[in-house]
Chemist: 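Sharing a structure with you now.
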Amino acid sequence: MIGFAGLIDGFAGLLGKLSLNQLPHNPITAGGALTVVGGVVTVALVITYLKRWKWLWKEWLTSLDPKRIGVMYIVVAIVMLVRAGIDALMMRGQQAISVGSSHGYLSSNHFQQVFSAHGTIMIFFVAMGLMFGAINLIMPLQIGSRDVAFPFMNSISFWLFFAGVVLVNLSLVIGDFSAAGWLAYPPLSELRYSPTVGVDYWIWSLQIAGIGSLLSGINFLTTIIKMRCKGMSLMKMPMFVWSVMGSMSLVVFAFPILTVTLTLLYLDRTFGTHFFTAGGGGNMMMYVNLIWAWGHPEVYILILPAFGVFSEVVASLSRKRLFGYTSMVWAIWAIVLLSFTVWLHHFFTMGAGADVNGFFGIMTMIIAIPTGVKIFNWLFTMYRGKILMATPMKWFLGFVVLFTIGGVAGVLMAIPPVDFQLHNSLFLVAHFHTMIVSGVLFGYYAGIVYWFPKFTGFRLNERFGNYAYWCWLIGFILAFVPLYILGFMGATRRLDHYSASTGWQPLFIVAGIGAGIIAIGLAMQFLQLITSIRDRKKNRDTTGDPWNARTLEWSVPSPVPFYNFALTPEVDTRDAFWAFKQTQKAGSNNEPQTYESITLPKNTSIGLIVGTCAFFFGFGAVWHIPWLCVLGLVGIITAIIVRANQHNTEYHISAERLAQMDHDARNAQRGYA
C-alpha cells in the first residue's frame, strides 16, 4: 500500500499543479467548459462524417499558400469574436441587474476573469487575427508577388497564433483565467494577489502568439521591401501596402518589448524574482511603462492596415484616384513615429510630474493630426465622385462618424487635469471601444465584403450586409454612449456591482440593450455568409472586377489561383490595373507576354508541429510541469533542424501547364469550360 501511494504521489508530482480539482465547479464555468469541449468534438465528428480529414490536412493545415493561411487566420478570429462577444454580453447582463441587494449571476472574481478574457481575446486574437488574415490575402497580390518572402515562417506564425488561441480557451476547461485585467498590472498580477494559474495562462497565450506576430512582422516587411514587381517603386505602392509597411515596422520594434515584459512577470511569479514587486525592491511602474511602450503602438499596429483598407474601398467605390496620396504616406509614417511618444498618457494619474504629463499630453494631441489628414483625404476622395453606396462604403461612413466621436474624446483625455477625473472610468472604456471597434473591426468588415468576391468568385448578400451594418452602428451607439455618461457620473471599469442610490441602472440597461443589438448584427453577418453561399450561382462574379477597382489583385481570375499571377506584372504608375483598363478602352494592343515556368513551396506539416510543441511548452509553463516544457522546446528545435536540412521543399510548374491553368481559370470565371 505504501509503495502504491508513493507511486501515485510520484505521478502527481510529474503533473505539477495539475489535478482534477482544477476542473470547473460552478454551473456557469462548467457550461463554458462543456461548450468548448462540445464544440471541438462536434467539429471533429462532422469532419469525420464527411470524410474530409485528408482534404483538410492536404489543402489547409499543411499549406504554405498565404491565401489559405490568411483564410485560417480570419476563421479563427471570427470564432474568437463570438467567444469575446459572449463575454461582453455576460458583463453587460451582470451590470444591468447587479444593483443594490441584487448581486447578479456572476461572482466578483468570475466577472473580473470575464472582463480580462474579453479584452485579451478581442485585441490579441480577434483584431490581430483579422489583420494578419487580410495582409496574407491582399498584400502579396497588390505588390505583384506570388508569395511572401518566407512561406515556411508564415506557417509557423499562424500555428503559434493558434497555439495561443488554444491556451487562452483551455483556461475555460481546466484552471481559470487572469482576473487582473487585459494588461495584468502588478501588484494584482503578482503571485501574492493572483495565486492561481490564471495570469500564467494569460502570459503564455500572449507570449506564444506574440512571437508569431513578431515573425509575421519581419516576414511581411521583408516581402514589401524585396518582392515588389518590376516598376513598382515605393511611391507607386497601393495605400494598403504602405499601411502594412508602417504597421509591421511597429511590430518589429514593439513586440520585443512585450516579450521581455511577459518574461519578467513570469519570472516574478515562478522563480521569486522581484522586477515588479515593490516589497522586494522592484518597481511596479516599470511594468506599466513597458506594457504601454508596447501597448500604444499596438493600437496603431491594428488600425493602420484598417486605414489601408478604407483607402482602397473609398477610392474604388468613389471611382476616383485617392486624394492626397503623398500626404497619406507621410501621415502613416508620422503615426508610426509619434506612436512611440504617447504611451505615458495611459497613466497620467500615477505621479510622473507636471512636465512629463504636459509633454505626453501635447504629443497625444499632435498624433491626432495625421489621423485627421487621412480622414479629410478620404472625404475629399468622395467629393464629386460617382459613389457606389455598397456595404463596404457604409462601413467606412460608420467609421467616420464613430471614430470622430472617439477621437474628440481622446483629445479631451489628452489634457492631464481632465484625465485625472476620467481615468479608469467608463468614459475611458467607451473611448477605447469607439476607436477600436470603428477603426479596426469596421475596417476589416469593409475589407472582407470588398475582397470576398475576389477569393470566392461570388459576392456577399447586400441585404443582410446592410442589416448587419445598421445593427452594429445603432447597437454601438446604444451600448457606449451610456458609458460616456456613466464615466462622467463616476462609474469605474471592472464594476460588477453598485448601489441603487447612484441612479446608474437605467444607463446600464440601455448599454445592455445596445450590446444585444450588436449581437444581432453579428448574427446578420453569419446569415449574410450562409445566404451568399446558398445563392452563390446567382451572385457569381464573372468579371473578376465587380467594383471596377484600381489595384493589381483585381487583374487575376476569381477565385485567385494558387500561383497568384500566371504572368508576372510590370507597372509604371500608381493604380496599375486602373491604368491598364483605361489603356484597353483606348484600343491599345499590348504585345502578349510569354509564360515562364515558376517555382512554389511544397506543403509541410512542420509549422503545425512547431505550434503543437509551443502549446505543450506553454501548458507546461502554466502548470509547472518541467518535463513537458523540455519536451515542447526539444520538439520545436528538432522540427526546425529537420526543416533546415530538407532540400526538396519546392515544386515547379512548366510554362505550358501554367498557360493552360491560366486559360482554364479565366474561362471558369466567365462561366464556361
Side-chain angles (χ1 to χ4, degrees), residues 81 84-98 111 114-123 126-127 181-182 299 302-303 306 346 368 371 394-414 418-419 421-445 468-496 498 502-525:
L81 177 61
I86 292 171
D87 287 341
L89 290 172
M90 291 175 67
M91 287 189 291
R92 289 292 169 262
Q94 171 73 9
Q95 290 175 324
I97 65 175
S98 182
F111 181 90
V114 172
F115 170 90
S116 304
H118 171 75
T120 301
I121 291 171
M122 283 299 297
I123 294 297
V126 176
W182 77 277
V299 173
L302 298 173
I303 283 180
H346 291 278
T371 304
K394 291 179 181 177
W395 286 115
F396 166 73
L397 293 174
F399 150 78
V400 171
V401 172
L402 296 180
F403 200 80
T404 302
I405 295 170
V408 171
V411 172
L412 181 66
M413 295 188 70
V418 175
D419 188 73
Q421 298 300 316
L422 297 175
H423 187 78
N424 211 37
S425 73
L426 288 179
F427 186 96
L428 174 63
V429 172
H431 158 69
F432 186 73
H433 280 79
T434 306
M435 305 304 282
I436 294 298
V437 172
S438 67
V440 178
L441 284 186
F442 278 26
Y444 294 122
Y445 289 165
Y469 163 73
W470 285 110
C471 285
W472 271 91
L473 184 64
I474 295 169
F476 185 89
I477 291 170
L478 287 175
F480 289 99
V481 168
L483 299 195
Y484 281 113
I485 300 170
L486 285 163
F488 277 126
M489 295 172 71
T492 61
R493 56 182 172 179
R494 310 190 187 189
L495 189 71
D496 65 283
Y498 50 93
T502 59
W504 294 344
Q505 188 178 29
L507 288 169
F508 275 120
I509 290 173
V510 173
I513 293 170
I517 295 173
I518 291 174
I520 294 171
L522 186 59
M524 288 295 107
Q525 288 173 292

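We count residues from 1, following the sequence as given.
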Chemist: Can you list the steps and then say if Leu441 with Phe476 is a side-chain contact (heavy atoms from CB on, under 4.5 Å)?
Modeler: CA-CA 12 Å; Leu441 284 186; Phe476 185 89; over 6 Å; no
Chemist: For the atom pair CD1 (Ile123) and CG (Leu302), what is the distance rounded to the nearest 0.5 Å?
Modeler: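 CG of Leu302 is found 5.5 Å from CD1 of Ile123.
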Chemist: Could you work out, with side chain to side chain contact (heavy atoms under 4.5 Å, CB included) as the rule, every residue matching Leu507, not counting sequence neighbours?
Modeler: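 Testing Leu507 for side chain to side chain contact (heavy atoms under 4.5 Å, CB included), a comparison that skips the adjacent residues, returns Pro482, Ile485, Leu486, Met489.
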Chemist: Taking distance alone, no hydrogens or angles, what donor-acceptor pairs closer than 3.5 Å link side-chain atoms of residues 394-407 to residues at least two apart or in another chain?
Modeler:
| from | atom 1 | to | atom 2 | distance (Å) |
| --- | --- | --- | --- | --- |
| Lys394 | NZ | Asn466 | OD1 | 2.8 |
| Thr404 | OG1 | Val400 | O | 2.6 |

Chemist: Could you work out, with salt bridge (charged side-chain N to carboxylate O under 4.0 Å, His left out) as the rule, every residue matching Asp496, not counting sequence neighbours?
Modeler: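 Scan of Asp496 (salt bridge (charged side-chain N to carboxylate O under 4.0 Å, His left out), adjacent residues dropped) gives none.
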Chemist: Looking at every non-hydrogen atom in both residues, tell me the closest pair between Val440 and Ala127 and how far apart they are.
Modeler: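 So the minimum-distance heavy-atom pair works out to CG1-CB, 3.8 Å.
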Chemist: For a quick test of reading the model, state the closest non-hydrogen atom pair linking Ala511 to Leu483 and the distance between them.
Modeler: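 Nearest pair, atom of Ala511 first, then Leu483: CB-CD2, 4.2 Å.
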Chemist: Output all residues satisfying side chain to side chain contact (heavy atoms under 4.5 Å, CB included) with Ile86, sequence neighbours left out; order by chain, then residue number.
Modeler: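 For Ile86 the side chain to side chain contact (heavy atoms under 4.5 Å, CB included) partners, ignoring immediate neighbours, are Val82, Met90.
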Chemist: According to side chain to side chain donor-acceptor pair (under 3.5 Å), who are the partners of Tyr498, at least two apart in sequence or on a separate chain?
Modeler: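 Tyr498 satisfies side chain to side chain donor-acceptor pair (under 3.5 Å) with no other residue.
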Chemist: Distance from Ile97 atom CD1 to Phe508 atom CZ, nearest 0.5 Å?
Modeler: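 One gets 12.5 Å once the value is rounded to the nearest 0.5 Å.
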Chemist: Quick check: do Ile121 and Trp182 have side-chain heavy atoms less than 4.5 Å from each other?
Modeler: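 Ile121 does not reach Trp182 side chain to side chain.
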Chemist: Please, which pairs that meet side-chain hydrogen bond (donor to acceptor under 3.5 Å, both in side chains) have at least one residue in residues 430-440, sequence neighbours excluded?
Modeler: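 Listed by first then second residue: Thr434-Tyr484.
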Chemist: His346: what forms a ring pair (Phe, Tyr, Trp, His ring centres under 6.0 Å) with it, not counting sequence neighbours?
Modeler: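 Trp292, His296.
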Chemist: Run the side chain to side chain donor-acceptor pair (under 3.5 Å) test against Thr371 and tell me which residues pass, sequence neighbours left out.
Modeler: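 If we apply the side chain to side chain donor-acceptor pair (under 3.5 Å) test to Thr371, skipping adjacent residues, there are no hits.
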Chemist: Quick one: which residue pairs count as a side-chain hydrogen bond (donor to acceptor under 3.5 Å, both in side chains) with a foot in residues 502-525, not counting sequence neighbours?
Modeler: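 Qualifying pairs: Trp472-Gln525.
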Chemist: How many angstroms lie between atom CG of Leu426 and atom CZ of Phe480, to the nearest 0.5 angstrom?
Modeler: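 If I round to the nearest 0.5 Å, the distance is 10.0 Å.
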Chemist: In chain order, what residues pass the side chain to side chain contact (heavy atoms under 4.5 Å, CB included) check against Ala479, with sequence neighbours excluded?
Modeler: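 Partners of Ala479 by the side chain to side chain contact (heavy atoms under 4.5 Å, CB included) criterion, ordered by chain and then number, come out as Ile518.
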Chemist: Can you list everything that forms a side chain to side chain contact (heavy atoms under 4.5 Å, CB included) with Ala306? Sequence neighbours excluded, please.
Modeler: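 Residues passing side chain to side chain contact (heavy atoms under 4.5 Å, CB included) with Ala306: Tyr444.
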Chemist: How far does CD1 of Ile517 sit from CG of Leu522, to the nearest 0.5 angstrom?
Modeler: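 The CD1 atom of Ile517 sits 14.0 Å away from the CG atom of Leu522.
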Chemist: For Ala84 and Met122, work out which heavy atoms get closest and say how close.
Modeler: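 Of all heavy-atom pairs spanning Ala84 and Met122, the closest is CB-SD, 3.4 Å.
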Chemist: Kindly give the heavy-atom pair with the smallest separation between Leu478 and Gly514, and that separation in Å.
Modeler: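 Leu478 and Gly514 have their closest heavy atoms at CB-CA, 3.7 Å.
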Chemist: How about Met413 and Phe427: do any of their side-chain heavy atoms sit closer than 4.5 Å?
Modeler: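 Yes, at least one pair of side-chain atoms sits under 4.5 Å.
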Chemist: Which pair of non-hydrogen atoms, one from Leu495 and one from Phe111, has the smallest distance, and what is that distance?
Modeler: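 Result for this residue pair: O-CZ, 3.6 Å.
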Chemist: What closest approach, in Å, do Gly516 and Leu89 show between heavy atoms, and which atom pair accounts for it?
Modeler: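 Nearest pair, atom of Gly516 first, then Leu89: N-CD2, 4.0 Å.
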